[in-house]
Amino acid sequence: MQLTKNRENGLSKLSAADTFQVRSISQQRLVRQLGIVSDEQMQNISKALAIVLCIN
């Protein structure tokens, strides 16, 4: 899913949420929040993850 940079999300350039390259990481590695995604974007990412992970 393509993510366009804006003030709210804190991105520095056009980016993407690639649901085919998902992996787990420790929460301790998440030192600071860089930005946020909208509820609509998060729902689309969640739907794509469900497809990739074969969750009904």
Side-chain angles (χ1 to χ4, degrees):
M1 177 183 159
Q2 188 173 357
L3 300 170
T4 307
K5 70 175 185 171
N6 61 36
R7 280 190 189 148
E8 186 175 89
N9 63 28
L11 296 172
S12 60
K13 61 182 179 178
L14 182 64
S15 300
D18 188 349
T19 56
F20 287 107
Q21 295 187 13
V22 176
R23 62 184 178 151
S24 63
I25 63 167
S26 169
Q27 286 185 334
Q28 294 172 338
R29 294 186 64 193
L30 303 175
V31 179
R32 62 181 164 65
Q33 181 175 331
L34 299 177
I36 61 171
V37 294
S38 69
D39 288 338
E40 180 182 357
Q41 289 172 321
M42 195 65 224
Q43 287 176 1
N44 289 335
I45 293 168
S46 294
K47 288 177 187 176
L49 278 172
I51 291 168
V52 169
L53 300 173
C54 300
I55 299 171
N56 291 326

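Just so you know, residue 1 is the first one in the sequence shown, and it goes up from there. Only this structure's heavy atoms are used, side chains among them; waters, hydrogens and symmetry mates stay out. Predicted model, so just to flag it, every value in this text is computed and none were measured.
More than 12 heavy-atom neighbours from other residues, nucleotides or ligands sit within 6.0 angstrom of CG on Asn6.
Side-chain atoms of Val52 and Val22, non-hydrogen and from C-beta on, never get closer than 4.5 Å to each other. Counting heavy atoms from C-beta on, the side chains of Asn9 and Ile36 never come closer than 4.5 Å.
With hydrogens and angles ignored, the 3.5 Å screen pairs a side-chain donor or acceptor of Ser15 with a backbone N or O of Lys13.
For the pair Gln2 and Leu14, the tightest heavy-atom approach, listed with the atom from each and the gap, is NE2-CD1, 3.0 Å. What you find for Val37 and Met42 is that their closest heavy atoms are CG2-SD, 3.9 Å.
Once rounded to the nearest 0.5 Å, the distance linking CE of Met1 with NZ of Lys47 reads 10.5 Å. Rounding to the nearest 0.5 Å gives a distance of 8.0 Å between CG of Leu53 and OG1 of Thr19. Here the straight-line distance linking atom CD1 of Ile45 with atom CG of Asp18 works out to 11.0 Å at 0.5 Å rounding.
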